[in-house]
Amino acid sequence: MQSESQIPIAAATKRRFAVSLAVFYSAFFAVLGTHVPFFPVWLKAIGIDAAWIGIIAALPAITRFTTLPQVTAFAEKRQAIRAAIMVSALATAIGFAAVGLQQQPLALFLIYALTCMMWTPTMPLTDAYALRGVARYGLDYGPLRLWGSAAFAAGSLACGYLVDVIAPRDLIWVIVAWAVVAVLASLLLQPLDDPGRRTPERHAGKPLLRDAAFWAVIASAALIQSSHIAFYTFSAIDWQLQGLSGLTIAVLWTLGIMAEIVVFALSPRFSLQPSTLMVIGGLIAVLRWIVTASEPPLVLLAIAQLGHGFSFGLTILGTMNLLVQRVPSHQIARGQGYYAACNGLLGAATSIASGALYARIGDGVYYVMAAMAAAGAMLIWSARHRVTAYPQSEASGG
């Protein structure tokens with residue numbers, strides 16, 4: 001039984017972990033919120049042509065299924081997930097600063113490729129660190145993760161304001177500034193490592209790759225999440241063609257992010273099984289894409305946007321809960337790496353396919369996305385009885 005003096009110390013440790021993780025999620029997603037919409041704008045502003053922009057923009061997706069799994073596996077093998085997050089954040093800031101000094105396409109491509117090799121593992125490493133903390137301290141993933149969504153929205157809006165204030169050629173330094181903030185935030189992350197309880201396994205990754213239920217989880221998650229690709233790529237173009245103003249488009253996007261934040265905030269009250277959350281997320285995605293394909297009136301479109309909280313939010317909550325249940329603690333970073341790689345590979349393929357489909361059938365591409373989401377929901381539903389929790393490892397190095 002704990003003494004009274006021990007209880008506040010444990011509560012303080014738990015609080016420090018939660019706060020420092022929320023701060024880092026915020027800083028990391030602020031980088032994403034400025035990079036995703038405005039990095040291509042900067043590339044165009046410095047004179048990079050459209051063909052090179054397309055090639056350069058593909059690099060993050062490529063590294064997700066090539067180098068990313070190796071980085072996460074190496075960090076886990078070394079029992080150094082927290083340290084890997086710090087190194088990754090620092091390398092990302094240095095990399096973006098070096099990118100900002102380039103104007104030649106080939107040099108920019110090479111330096112950005114190196115940057116992405118260190119940047120893209122940050123998210124799965126952070127999620128692995130978060131899930132270990134969730135398991136250790138009895139926390140809920142959703143309320144921690146919502147700060148990232150809020151920061152993504154704030155970063156996008158702030159950078160959108162700056163577009164009208166500063167020269168487009170200077171946008172890269174906004175991304176660099178947020179990357180530096182992420183470096184500082186990474187220094188606040190609390191250690192989870194307990195050297196006396198390490199149990200490294202030389203071939204820890206192999207059982208995961210032979211686990212059919214694990215593959216069912218990450219494949220179904222990838223199908224549902226990748227069904228959003230056509231929306232991310234073409235929704236603003238479609239809505240402009242339908243006569244919607246830039247402000248209206250921004251509001252529609254903000255509605256989706258706000259719904260996502262609400263779902264994350266309420267997630268501790270959810271009592272459904274994680275696999276059921278994923279099924280609901282997939283089915284809502286099906287309904288959302290069917291509605292979007294029909295060029296609905298603005299009110300119905302706004303309601304469909306609120307569905308983002310379910311199609312994206314419930315899916316990621318279910319996925320993370322299943323991973324923390326299914327994957328032993330000492331393999332969680334490796335599991336996150338495989339999940340990110342699967343998501344990246346399918347996402348890249350979907351992006352390429354959706355471009356070709358959109359050129360041929362326009363909004364009909366959303367029906368294909370609906371079929372993908374339905375396949376993901378059916379897959380996790382069929383595997384729901386096999387997705388049972390493994391006993392968690394005593395080792396939880398971080």
Side-chain angles (χ1 to χ4, degrees), residues 32 36-37 39-41 50-51 53-62 64-65 156 218-246 248-257 259-260 278-316 342-380:
L32 287 175
V36 171
F39 185 65
V41 176
I53 290 175
I55 294 170
I56 292 168
L59 286 170
I62 293 171
R64 285 189 190 100
F65 62 86
S156 297
I218 66 173
S220 60
L223 282 165
I224 297 171
Q225 299 293 20
S226 294
S227 77
H228 292 67
I229 294 292
F231 173 79
Y232 295 153
T233 307
F234 299 111
S235 60
I237 296 172
D238 272 344
W239 294 341
Q240 283 182 324
L241 292 175
Q242 293 169 27
L244 299 184
S245 68
T248 301
I249 292 171
V251 169
L252 287 171
W253 271 84
T254 303
L255 280 176
I257 296 174
E260 175 186 322
M278 291 183 68
V279 171
I280 294 173
L283 294 178
I284 294 295
V286 172
L287 181 60
R288 189 180 171 199
W289 306 142
I290 291 174
V291 169
T292 304
S294 65
E295 296 188 11
L298 185 58
V299 172
L300 189 54
L301 187 59
I303 294 173
Q305 274 299 93
L306 291 174
H308 184 77
F310 300 95
S311 66
F312 176 84
L314 283 187
T315 300
I316 196 170
C342 184
N343 216 15
L345 180 59
L346 186 57
T350 303
S351 181
I352 295 169
S354 64
L357 287 169
Y358 184 78
R360 286 178 172 270
I361 59 177
D363 283 347
V365 69
Y366 288 116
Y367 292 119
V368 180
M369 298 299 106
M372 284 183 63
M378 290 174 61
L379 177 58
I380 194 63

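Keep in mind that what you see is a predicted model, and the values were worked out from it rather than measured.
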Pairs under 3.5 angstrom only: tabulate donor-acceptor contacts from the side chains of residues 301-311 to other protein residues two or more places apart or in another chain.
unit_1	atom_1	unit_2	atom_2	d
Q305	OE1	R288	NH2	2.8
Q305	NE2	L252	O	2.8
H308	ND1	R288	NH1	3.1
H308	NE2	E260	OE1	3.1
S311	OG	H228	NE2	3.0
S311	OG	R288	NH1	3.0
S311	OG	G307	O	3.4

Sequence neighbours excluded, the answer for side-chain contact (heavy atoms from CB on, under 4.5 Å) partners of L283 is V279, A377
Could you tell me the separation between the CZ atom of F312 and the OH atom of Y232, rounded to the nearest 0.5 Å?
-> 5.5 Å
Under 3.5 Å, sequence neighbours excluded: what are the donor-acceptor pairs made by side chains of residues 352-359?
unit_1	atom_1	unit_2	atom_2	d
S354	OG	T350	O	3.0
S354	OG	S351	O	3.0
Y358	OH	D238	OD1	2.6

A219: what forms a side-chain contact (heavy atoms from CB on, under 4.5 Å) with it, not counting sequence neighbours?
-> L379
What distance separates L346 CG from L223 CG, expressed to the nearest 0.5 Å?
-> 5.5 Å
Contacts of T315 meeting side-chain contact (heavy atoms from CB on, under 4.5 Å) (sequence neighbours excluded), chain-then-number -> I224, Q225, T319
Of all heavy-atom pairs linking F65 and G344, the shortest is CD2-C, 3.8 Å
Partner set under side-chain hydrogen bond (donor to acceptor under 3.5 Å, both in side chains) for S220, not counting sequence neighbours | none
With sequence neighbours left out, what residues match L287 under side-chain contact (heavy atoms from CB on, under 4.5 Å)?
-> V291
Is any side-chain heavy atom of T248 closer than 4.5 Å to a side-chain heavy atom of Q242?
-> no
Looking only at non-hydrogen atoms, find the nearest pair between M369 and A230 and report the distance.
-> CG-CB, 3.6 Å
